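This report concerns only the one structure given below.
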There are 2 protein chains.
Amino acid sequence: MSPTIKDVAQVAGVSIATVSRVVNGRGVKPETERVVLDTIEKLGYHVNLVARSLKTSKTQTIGLLVPDFGPFFMEIAKVIEEVLNGFGYSLIVCSSDENVEREQQRVIMLKEKQVDGMILVPSSEQANHLAEIQAEGVPVVLLDRMVSDFRGDCVLVDNVNGSYLAVEHLINQGYERIGLINGRQEVTTGQERYRGFRRVFEDYNMAVSEDLILNGNFTTESGYALMRQFLESPNPPEAVFVANYYMTIGALLAINELGIKVPESLGLVGFDSMDLTRLANPPLTAVVQPMRELGEEVARLIYERVNGDDSGFPRLLRLKPELVVRESSKMVRGLRTQEGPGSVLKRAHGA
Amino acid sequence: MSPTIKDVAQVAGVSIATVSRVVNGRGVKPETERVVLDTIEKLGYHVNLVARSLKTSKTQTIGLLVPDFGPFFMEIAKVIEEVLNGFGYSLIVCSSDENVEREQQRVIMLKEKQVDGMILVPSSEQANHLAEIQAEGVPVVLLDRMVSDFRGDCVLVDNVNGSYLAVEHLINQGYERIGLINGRQEVTTGQERYRGFRRVFEDYNMAVSEDLILNGNFTTESGYALMRQFLESPNPPEAVFVANYYMTIGALLAINELGIKVPESLGLVGFDSMDLTRLANPPLTAVVQPMRELGEEVARLIYERVNGDDSGFPRLLRLKPELVVRESSKMVRGLRTQEGPGSVLKRAHGA
DNA sequence: TCATTAGCAGTAAACGTTTACATTCTTACT
DNA sequence: AGTAAGAATGTAAACGTTTACTGCTAATGA
């Protein structure tokens, strides 16, 4: 259908090698170049990158494998795309649905598509498929989550301290019964945030109420369900820390649905500051991760690796999160202490 | 590096044609198949899709070109990915930044990558590059926006009626001075929403206040700036309709920043119901577009086209948006009529 | 028993590039 | 003018597949 290099060569009266050289800007005589360029224009020729890739064994494509297409990872994907695009690469994004088998399938698919490198947010501690790909010469950089027995580059956030900051803030505000809506313990982000949570209590010499730890799975649905569980329990927490963005949304949904007043009846610290956390009712105190930086770093790193720069392998970048204090965690002193135990619902509705 | 079909053939002691047949599930004798399959397993062979694509001239890849990587289009991209993935296709997503030249570049790039088809959200009325691609045999489906002199498939939303519903609702609530934060007039979504706005006034036999129409460009920033302009003007509108999602966020930001009470001091109808509009303060009345359906339809359609089904070409799908009424547009009767003209700021702060 | 056919497997060409190597054309120097 | 060097171009192989064609084997029917 479309003209090929051969057609151009024929029409221009030169060999295909010459056309190729013109296309790739090698040394050809200016007048020959003119002729070829004109023919290319006339015929509407475009290089076939599939053919080029086969020959050069470079696709100028990076695979990005995320656990879901939610706003958090999409925000990062956007940055990655921008950076990589600047380097002349394009991106194939796919999702593992937080599911190891699917992750393995997708990795194979990306390998078959001959991506030059992969950025991967692992959805478990499984490492064999990653090592395998790596051994076959495809650079892999882990993003956001680590897997312990994988030796390779990682770009992460300091989650322990992120959640530490959040909970410490709650304690400093005077909250005592602090609940946790916990993330998936199968991945490092979940583990580290949990670790940070406990560490604060150690450092402040306080006991954690084990019954105020609810295990979620990072989804909005689980955030919603667990927040409801808290709110409807006979002896609910005074404040809750939610360990990721999607669950924060879910928790907020539950809170709004039940008409709970935040922070009057419940202190809240969530995760990540997109427009939503800023505009939420009330504006949410949150651990915010440096998403842009995360994307930039991981994009730069995979670019280096793909271009044969192995300096400092395996590189581990741990970026610092930040606590943004807004209104959802402002303790209203004196209010809570006057009441006996009871459902937040009662408190909220003045019962 | 990685083993090829040739290696497998050699080790298995068969010809490469046979290996190929095994891989593609053509008829080979069961025992031969076993041998080949075992060798594939042993060698860790994976088909090279680049080579296959070159031979078959099908890449099993669809290009998606959006004007930006914001949540609206990403939400749709997610659906498209899911559907297409089910058909065995992958997606290359890229952005035109609402810029025609960049759009043209990206289109060429996708063509060079030999995508089997493209889904495109045009960022102008320019059609020549689209027609060209189409003429070269690559199916193109337009999404969300139309371009008038392009003859091809489109999956759209009925924007005229979307914005009609919104403004009619405002009028029915009793608002009279209704402002519009308008979208880009270079694209059909912007044009149609504007048309819908005016049509309501015609139908209700009311005059539009031309000074209450502010022209934005679909970005959060412009939504913010224009809402501020409204709020700080001497004679601000009683209610505002914002013509897309990003500008709605911006408007909300401005409103919160200035501490304006909605709907007490200002009625508001925005666009699209993501988590944000639900959780915003106050919950937002919005024209919601059927994003999932949009994605599903466009994915299905491009799949059909790519697979040679040209039925009904050019197909035009116009999906219906829906008005979700929440609190931001509940007129508080009597309140406003007591005041003379003056900045909303004054009203808001009781001055 | 022999011809016919069906089922399998192999051979080789083709997809559109890039590039090592070979060849031809320029140019300039002796 | 002759030649050597260098520049410009051409030739052909290779990248890893798929697939039309060919040939072989074995089974079937008369």
Side-chain angles (χ1 to χ4, degrees), chain A residues 1-37 39-40 43-61 108-109 111-116 136-138, chain B residues 1-37 39-40 43-61 88 108-116 136-138:
Chain A
M1 187 87 228
S2 311
T4 74
I5 207 176
K6 205 183 286 180
D7 301 317
V8 176
Q10 196 159 355
V11 175
V14 297
S15 75
I16 60 171
T18 301
V19 178
S20 174
R21 281 189 272 257
V22 170
V23 170
N24 295 295
R26 301 281 199 293
V28 292
K29 187 156 52 165
E31 52 183 305
T32 320
E33 186 175 32
R34 259 270 59 79
V35 176
V36 174
L37 250 22
T39 333
I40 286 179
L43 265 45
Y45 166 79
H46 291 301
V47 63
N48 179 331
L49 293 180
V50 169
R52 175 182 288 172
S53 291
L54 177 58
K55 187 62 195 160
T56 62
S57 47
K58 302 231 145 298
T59 53
Q60 302 281 106
T61 302
I108 289 180
M109 187 268 247
K111 159 96 171 102
E112 290 181 340
K113 286 220 175 231
Q114 312 293 118
V115 294
D116 295 341
E136 276 167 336
V138 181
Chain B
M1 188 84 231
S2 312
T4 75
I5 207 176
K6 204 183 287 180
D7 302 317
V8 176
Q10 196 160 354
V11 174
V14 298
S15 76
I16 61 171
T18 301
V19 178
S20 174
R21 279 189 274 256
V22 170
V23 169
N24 295 295
R26 300 282 199 291
V28 291
K29 189 157 48 167
E31 52 183 305
T32 320
E33 187 175 30
R34 260 269 59 80
V35 176
V36 173
L37 250 22
T39 334
I40 286 179
L43 266 46
Y45 166 79
H46 292 300
V47 63
N48 180 331
L49 292 180
V50 170
R52 175 183 289 173
S53 291
L54 178 58
K55 186 59 196 169
T56 62
S57 47
K58 302 232 147 295
T59 52
Q60 302 281 102
T61 302
I108 290 180
M109 186 268 247
L110 288 171
K111 158 98 171 104
E112 291 181 341
K113 286 220 175 229
Q114 312 293 118
V115 294
D116 296 340
E136 276 165 336
V138 182

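These numbers were taken from a predicted model, which means no experiment stands behind them. These values consider heavy atoms only, across backbone and side chains, with no hydrogens, waters or symmetry-generated copies. A, B, ... follow the sequence lines: proteins, then strands. Residue 1 opens every chain.
Whole-Å rounding puts the B:Asn48 CG to D:dA14 P distance at 18 Å. The separation between A:Ile40 atom CD1 and C:dG16 atom C1' is 14 Å, rounded to whole Å. Rounded to a whole Å, the CD atom of A:Glu31 is 13 Å from the C1' atom of D:dT9. Between B:Lys6 atom NZ and D:dT17 atom P the separation is 10 Å, expressed in whole Å. Straight-line distance from the NZ atom of B:Lys29 to the P atom of C:dA6: 18 Å, rounded to whole Å. Nucleotide D:dT17 holds its C1' atom 14 Å from the CD atom of B:Gln60, rounded to whole Å. The distance from atom CG of B:Leu49 to atom C1' of D:dC15 is 15 Å, rounded to the nearest whole Å. The distance from atom NZ of A:Lys113 to atom P of D:dT17 is 15 Å, rounded to the nearest whole Å.
Nearest to the side-chain atoms of A:Ile5 among the listed nucleotides C:dT17, D:dG10, D:dT9 stands C:dT17. Nearest to the side chain of A:Thr32, among D:dT19, D:dC15, D:dA8, sits D:dA8. Of the candidates D:dT9, D:dG16, C:dT17, the closest approach to any side-chain atom of A:Thr4 belongs to C:dT17. Side chain of B:Asn24, nearest nucleotide from D:dT18, C:dA9, C:dG16: D:dT18.
If B:Arg21 and B:Lys55 are placed on DNA chain C by their nearest nucleotide, the residue sitting closer to the 5' end is B:Arg21. Comparing A:Val28 and A:Ile16 along DNA chain D, the residue whose closest nucleotide (by nearest heavy atom) sits nearer the 5' end is A:Val28. Residues B:Ser15 and A:Ser20 both approach DNA chain C. Their nearest nucleotides, taken by heavy-atom distance, put B:Ser15 toward the 5′ side.
Looking only at side-chain heavy atoms (C-beta outward), B:Val35 and B:Val14 stay at 4.5 Å or farther from each other. Between B:Thr59 and B:Lys113, every side-chain heavy-atom pair lies at or beyond the 4.5 Å cut-off. By the 4.5 Å heavy-atom criterion applied to side chains, A:Asn48 and B:Gln114 are counted as neighbours. Side-chain contact between B:Val36 and B:Glu33 is absent, with no heavy-atom pair separated by less than 4.5 Å. Contact check for B:Ile40 versus B:Val23: side-chain heavy atoms found under the 4.5 Å cut-off.
Remark: A:Thr18 is in phosphate contact with D:dG10, judged by side-chain N or O atoms under 4.0 Å from OP1 or OP2. Here B:Arg26 does not reach the OP1 or OP2 of C:dC8: none of its side-chain N or O atoms lies under 4.0 Å away.
Terminal axes of the helix from C:dT1-D:dA30 to C:dT30-D:dA1 (five pairs each, C1' rotation axis) are separated by 50°, to the nearest 10°.
The nearest pair of heavy atoms linking A:Lys58 to A:Ser53 is O-OG, 3.0 Å. Among all heavy-atom pairs drawn from B:Leu54 and A:Ala51, the shortest one is CD1-CB, 3.8 Å. A:Ile16 approaches A:Lys6 most closely through the heavy-atom pair CG2-CA, 3.8 Å.
Contacts of B:Val14 with the nucleic acid, taken as non-hydrogen atoms under 4.0 Å apart, involve only primed sugar atoms and P, OP1 or OP2.
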